[in-house]
2 protein chains.
Amino acid sequence: MATGRTHRPATRSRGIPEATVARLPLYLRALTALSERSVPTVSSEELAAAAGVNSAKLRKDFSYLGSYGTRGVGYDVEYLVYQISRELGLTQDWPVVIVGIGNLGAALANYGGFASRGFRVAALIDADPAMAGQPVAGMPVQHTDDLESIISDNGVSIGVISTPAGAAQQVCDRLVAAGVTSILNFAPTVLSVPDGVDVRKVDLSIELQILAFHEQRKAGEDVAEAAAVVPSAARAVAEAAADSSASVDGDGSGDSRKGPDGDVPAVMPA
Amino acid sequence: MATGRTHRPATRSRGIPEATVARLPLYLRALTALSERSVPTVSSEELAAAAGVNSAKLRKDFSYLGSYGTRGVGYDVEYLVYQISRELGLTQDWPVVIVGIGNLGAALANYGGFASRGFRVAALIDADPAMAGQPVAGMPVQHTDDLESIISDNGVSIGVISTPAGAAQQVCDRLVAAGVTSILNFAPTVLSVPDGVDVRKVDLSIELQILAFHEQRKAGEDVAEAAAVVPSAARAVAEAAADSSASVDGDGSGDSRKGPDGDVPAVMPA
DNA sequence: ATGTCTTTGTGAACGCGTGCACAAAGATGG
DNA sequence: CCATCTTTGTGCACGCGTTCACAAAGACAT
């Protein structure tokens, strides 16, 4: 899972709880699989199992959309697929731009899941002039200079940022100024956006750290905190390389980079 | 955001709420940035702003770790970096294996964020015999046949799955059987694991769908208002065909995992 | 020392999300 | 038409997470 939303305090969009919205895609996926197998109806119990959730929760989620089930029988698969698709806005076309075509950006461009349900990669944008015109996923990469015109010409309202952290906010600002109102951010940075703009964040590093926490807990439950603590080590590393302004690798996304996301160097614990 | 945890009902691990644990990496990143700029202390207000959270929330989060601040002054940056690192288990080495070296897997292997904070890519594993031995991110890809020995030889407890959906559960089972107890899953499938194994899911498609929901809602509400900033938004409201557009992308390859692009398809396993 | 000022740490209230448990609704069979 | 069985839809209670608001604690100046 991506690591959570950013904005949107407690907005229950049209009565549908945020937690429910986050599960609708899950249900949709399970339903689509059933649809392909020509299963006509499904019970809340079966569908819940397929989606990996509680059946009561699933029924309550569906109750927010309306009463689409038949008691004693279950839910009509096709009908539910359509209703959820419509509710999520997947019955319309969503042009998407990906900014930052490094390793991750290229992987996203090739990702089949994007092209499926209503999402269409309208353009790939990178700041590296050497990449301009080069085909990635059968589509020529365009230069950042044309970002604004690309957005407006294609009516893009959803942008994906897979640049290094240093460039993310700048790219974000330009996207928003050009009319983008939803952003999926892969760069390890907190983006600040004006009201009315949604930001969702996917942070690979954070996911791993959360796993590490639980892993440590599992391993350390029986054993008594066996950790060689050397706080001075971390302190020493931190002192090094403390230059003035943040290392602005301006465009990034070039060959010279090592990763798609220039992560903030961390303390390297021994 | 990666889309959330899977297991672990309401386990307040050692008194630290799950929501707090999920924010600790965020604080750590902000603190590390401050540390590099040699900032000695920081107030909860400043740090909260840098991490993009509420200051009261941040203080409460830190209160679960202990009283590490000084009233009237703030928090010692270096000390806090160390405390959070230790709490998250980043003071020790975490060997990680990545299974499924397609576009996404390769991007993950190159991802700098993995190598930073204590995580070390111990091995890259793929089922394609043609990939065996080929270098990715300066490391030879190994074949799935050796999965078990790789896990045990390196003492791996964290596995990353970036295979197609059809292969994910099978890979997951083997990882768990070999001793892995934490899994970061990029495949669009619900993984079932025994108790004691943590699974976190990152689902790009779901994130986009959630954004689309809010985007549609914004577009529907703004009809009345005159948000003249985005003229292109209204144009996008072209009703798409309401037929069985839910039919997914081709590629019903099913069993044969890695496709031409070897990336994660949006299809569910049967 | 004493007062003032800043900032932490936390008690308490509130709201959201979850899960239980059950009544209502409809299918099914005789 | 009635009885029975299955499954939905939801009222309710509970727990987690968030936020407010403030007292306690320490720094700092006089």
Side-chain angles (χ1 to χ4, degrees), chain A residues 1 3-24 26-27 31 39-77 79-80 83 210, chain B residues 1 3-24 26-27 31 34 39-77 79-80 83-84 210:
Chain A
M1 109 189 170
T3 311
R5 314 188 324 286
T6 300
H7 222 257
R8 194 159 300 281
T11 313
R12 208 165 39 257
S13 312
R14 197 182 122 202
I16 301 182
E18 190 63 28
T20 295
V21 173
R23 279 188 295 266
L24 289 183
L26 219 53
Y27 302 145
L31 284 165
V39 177
T41 61
V42 65
S43 71
S44 65
E45 203 72 49
E46 293 168 326
L47 185 54
V53 301
N54 185 290
S55 70
K57 190 185 297 184
L58 179 142
R59 287 198 302 275
K60 179 146 292 191
D61 283 342
F62 285 175
S63 77
Y64 292 116
L65 307 181
S67 293
Y68 295 148
T70 304
R71 298 178 189 227
V73 176
Y75 299 91
D76 183 276
V77 172
Y79 187 55
L80 207 45
Q83 288 297 341
I210 295 172
Chain B
M1 91 195 199
T3 311
R5 317 188 323 284
T6 301
H7 222 256
R8 192 159 302 279
T11 313
R12 210 166 36 262
S13 311
R14 198 182 118 201
I16 300 181
E18 190 61 29
T20 295
V21 173
R23 280 188 294 267
L24 289 182
L26 220 54
Y27 302 145
L31 284 165
L34 291 172
V39 177
T41 62
V42 64
S43 72
S44 66
E45 202 72 47
E46 294 168 325
L47 185 55
V53 301
N54 185 289
S55 69
K57 191 185 296 185
L58 178 141
R59 286 199 300 276
K60 178 142 291 194
D61 283 341
F62 285 175
S63 76
Y64 291 116
L65 307 182
S67 293
Y68 295 151
T70 304
R71 299 178 190 225
V73 176
Y75 298 92
D76 183 277
V77 172
Y79 187 56
L80 207 45
Q83 288 297 342
I84 295 180
I210 296 173

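Below, read A as the first sequence line, B as the second, and so on, with proteins coming before strands; counting in each chain starts at 1. Only a predicted model underlies this, so the values are computations on that prediction, with no experimental measurement involved.
- For B:T70, the side-chain contact (heavy atoms from CB on, under 4.5 Å) test picks out B:V73, with sequence neighbours left out.
- For B:A56 and A:A56, each mapped to the nucleotide of DNA chain D holding its nearest heavy atom, the one lying further toward the 5' end belongs to A:A56.
- Between A:K60 and D:dT10 there is no side-chain N or O to OP1 or OP2 distance below 4.0 Å.
- With sequence neighbours left out, B:A49 forms a side-chain contact (heavy atoms from CB on, under 4.5 Å) with no residue at all.
- Among the nucleotides D:dT8, D:dA21, C:dT18, the one closest to the side chain of A:K57 is C:dT18.
- Rounded to whole angstrom, the span from the CG atom of A:D76 across to the C1' atom of D:dT7 amounts to 15 Å.
- Mapping B:F62 and A:T20 onto DNA chain C via the closest heavy atom, the residue that lands nearer the 5' end is B:F62.
- Side-chain contact between B:T20 and B:K60 is absent, with no heavy atoms from C-beta onward closer than 4.5 Å.
- One atom, CD of A:E45, and another, C1' of D:dT8, lie 12 Å apart when rounded to the nearest Å.
- Atom CZ of B:R59 is separated from atom P of D:dT18 by 15 Å (rounded to the nearest Å).
- Summarising the geometry, the separation between CG on A:L80 and C1' on D:dT8 is reported as 13 Å, rounded to the nearest angstrom.
- Considering only heavy atoms from C-beta on, B:E46 stays 4.5 Å or farther from B:Y75 through its side chain.
- Look at OH on B:Y64: it is 10 Å from C1' on C:dT10, rounded to the nearest Å.
- C:dT6 atom P lies 20 Å from atom CG of B:L47, rounded to whole Å.
- The side chain of A:A19 approaches C:dT18 more closely than any other nucleotide in the set D:dG17, D:dG9, C:dT18.
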*Where along nucleotides 23-30 of chain D does protein come under 4.0 Å, by heavy atom, of base (B) or sugar-phosphate alone (S), with - for untouched nucleotides?*
-BBSS---

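- If you check every strand for non-hydrogen atoms under 4.0 Å, A:Y75 touches sugar and phosphate atoms only.
- In this entry the distance linking CG of A:D61 with C1' of D:dT10 reads 13 Å, nearest Å.
- Under the side-chain contact (heavy atoms from CB on, under 4.5 Å) criterion, B:Y68 pairs with B:L65, B:Y79, B:L80, B:Q83, B:R86, sequence neighbours left out.
- In this view, B:R23 and B:D61 satisfy the salt bridge (Lys or Arg N to Asp or Glu O under 4.0 Å) rule, not counting sequence neighbours.
- Listed by chain and number, the residues in a side-chain contact (heavy atoms from CB on, under 4.5 Å) with B:A50 are B:A30 (sequence neighbours excluded).
- Distance CG (B:L58) to P (D:dT19): 12 Å, rounded to an integer number of Å.
- Side-chain N/O atoms of B:S44 include one lying less than 4.0 angstrom from OP1 or OP2 on C:dT8.
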